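Inspection log for the structure reproduced underneath, given as structure tokens.
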Amino acid sequence: MRQPTALVACEFSGRVRDALTRVGFYAVSCDLMPSEAEGEHIQGDVLDVLDWGWDLLIAHPPCTDLATSGARWFPEKIADGRQARALDFVRTLLAAPIHFKALENPKSVISGQIRKPDQIVQPWMFGHGERKETHFWLQNLPLLQPTEIVDGRAPLVHHMAPGPDRWKNRSRTYQGIADAIADQWGRYVINTLSGHAPVPVAPRQAALELSGVIA
């Protein structure tokens with residue numbers, strides 16, 4: 001079997017890219033910014049590389065003009081076209097010629113303007129005692145299962161002090177979620193491409209909350 005390939009769109013941290021690399025992918029991140037960690041990275045427009053024959057796409061489109069946390073600025077962003085352009089970018093990612101896809105964003109207008117997410121998760125389901133509602137839109141992938149339920153429900157990311165790097169610190173994928181993406185979705189893709197039936201993930205009590213957890 002050839003080595004499977006993955007494109008991690010709009011990622012500068014390298015966390016998801018590196019987690020997928022560890023499970024056997026040739027994984028490449030792509031962002032307008034350079035990568036914070038050494039690894040395979042394309043600094044440029046991800047739209048230029050969507051048709052390179054990837055097996056898996058994990059996309060993190062910018063949420064600045066989409067997240068409902070910034071709803072007070074929506075009238076301005078709708079009027080000047082920023083929100084429409086952001087939604088068009090999301091549509092392009094979802095329509096990319098890549099069989100296995102997951103697109104991530106916080107609670108946003110994607111739900112009303114394109115479609116509702118397939119799954120909502122929280123960091124505390126993956127070993128991080130924090131709250132940060134994360135939505136996933138999936139194509140040909142199973143729901144992500146919790147890996148480590150921990151205490152802690154504080155929205156620490158939302159309380160970060162102002163500063164030039166605040167947006168970067170808020171946007172990085174939690175390591176526990178990155179590892180779950182690789183261990184579950186990555187291995188699912190590998191098993192499927194190799195002709196082996198994917199191994200079902202054992203059900204967990206917390207999985208009952210996956211379709212709409214807000215806690």
Side-chain angles (χ1 to χ4, degrees), residues 4 6 8-25 27 29 36-37 56-61 63 66-69 100-108 110-111 115-161 166-192 196-215:
V8 186
C10 310
E11 180 185 61
F12 60 84
S13 70
R15 289 182 179 177
V16 175
R17 176 201 65 204
D18 293 345
L20 286 166
T21 299
R22 286 193 289 271
V23 300
F25 277 80
S29 55
E36 290 183 326
L56 171 66
L57 171 67
I58 307 293
H60 308 278
C63 65
L66 301 171
T68 56
S69 59
F100 301 98
K101 290 193 281 284
L103 185 140
E104 173 272 332
N105 235 233
K107 186 177 181 181
S108 72
I110 297 173
S111 298
R115 66 177 176 89
K116 293 186 180 300
D118 297 286
Q119 180 172 25
I120 300 171
V121 303
Q122 294 279 0
W124 52 261
M125 304 165 87
F126 301 91
H128 301 274
E130 303 177 29
R131 188 173 80 241
K132 182 175 184 278
E133 190 173 327
T134 302
H135 294 213
F136 282 113
W137 288 261
L138 307 177
Q139 292 184 23
N140 300 310
L141 290 171
L143 296 182
L144 204 62
Q145 300 294 316
T147 57
E148 183 183 0
I149 305 298
V150 296
D151 294 331
R153 300 292 185 270
L156 301 183
V157 167
H158 299 291
H159 295 157
M160 286 182 177
R166 186 173 187 264
W167 71 271
K168 292 174 67 176
N169 295 330
R170 284 165 58 96
S171 67
R172 292 184 184 89
T173 302
Y174 285 86
Q175 189 62 56
I177 295 179
D179 290 341
I181 286 172
D183 290 338
Q184 296 180 38
W185 290 340
R187 295 186 192 281
Y188 180 92
V189 172
I190 289 172
N191 286 334
T192 302
H196 298 297
V199 177
V201 180
R204 298 170 184 263
Q205 182 65 31
L208 297 174
E209 305 176 43
L210 283 173
S211 61
V213 63
I214 305 298

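Start at 1 with the first residue, then count along the sequence. Every value quoted in this text rests on a predicted model; they were computed, and no experiment measured them.
- A heavy-atom distance below 4.5 Å is not found between the side chains of Leu141 and Phe136.
- Between atom CD of residue Gln122 and atom CD of residue Glu133 there is a gap of 6.0 Å, rounded to the nearest 0.5 Å.
- Annotation: the span from Glu11 atom CD to Glu36 atom CD amounts to 9.5 Å, rounded to 0.5 Å.
- Among all heavy-atom pairs drawn from Phe12 and Arg172, the shortest one is CE1-NE, 4.1 Å.
- Proximity of Leu103 to Leu57: side-chain heavy atoms (C-beta onward) are nowhere separated by under 4.5 Å.
- Heavy atoms only, all atoms of each residue included: Arg115 and Asp118 are closest at NH1-OD2, 2.9 Å.
- A donor-acceptor pair is defined here as one N or O able to donate and one able to accept, closer than 3.5 Å; no such pair exists between the side chain of Asn105 and the backbone of Ala67.
- For Ala27, the side-chain contact (heavy atoms from CB on, under 4.5 Å) partners two or more places apart in sequence, or in a different chain, are Ala6, Arg17, Leu20, Thr21, Phe25.
- Legend: residues meeting ring pair (Phe, Tyr, Trp, His ring centres under 6.0 Å) with Phe100, ordered by chain and number and at least two apart, are absent.
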One pair to check against side-chain contact (heavy atoms from CB on, under 4.5 Å): Thr134 and Tyr174. What are the steps and the verdict?
CA-CA 11 Å; Thr134 302; Tyr174 285 86; 5.8 Å; no

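- Under the 3.5 Å distance criterion, the side-chain polar atoms of Arg15 are left unmatched by any main-chain donor or acceptor of Ala178.
- In terms of modelled atom types and a separation under 3.5 Å, the side chain of Gln184 and the main chain of Gln145 share a donor-acceptor contact.
- Atom CZ in Phe126 sits 8.5 Å away from atom CD1 in Ile181 (nearest 0.5 Å).
- The side-chain heavy atoms of His60 and Val8, taken from C-beta on, include a pair separated by under 4.5 Å.
- Contact between Ile190 and Pro4 at its shortest, heavy atoms only, is CG1-CG, 3.7 Å.
- Judged as a side chain to side chain donor-acceptor pair (under 3.5 Å), and not counting sequence neighbours, Lys107 has no contacts.
- Under the side chain to side chain donor-acceptor pair (under 3.5 Å) criterion, Asp179 pairs with Arg22, Gln175, sequence neighbours left out.
- For the salt bridge (charged side-chain N to carboxylate O under 4.0 Å, His left out) test, no residue two or more places apart in sequence or in another chain qualifies with Asp18.
- Within the model, atoms CH2 of Trp137 and CD of Gln119 stand 11.5 Å from one another, a figure rounded to the nearest 0.5 Å.
- When every heavy atom of Pro142 is checked against every heavy atom of Leu138, the shortest pair comes out as O-CD1, 3.6 Å.
- Leu56 CG to Trp185 CH2: the interatomic distance, rounded to the nearest 0.5 Å, is 9.0 Å.
- Panel note: side chain His135, backbone Ser108; no donor-acceptor pair is recorded below 3.5 Å.
- Closest of all the heavy-atom pairs between Pro117 and Ser111 is CD-OG, 3.3 Å.
- Interatomic distance, Ser29 OG to Ile58 CD1, rounded to the nearest 0.5 Å: 13.0 Å.
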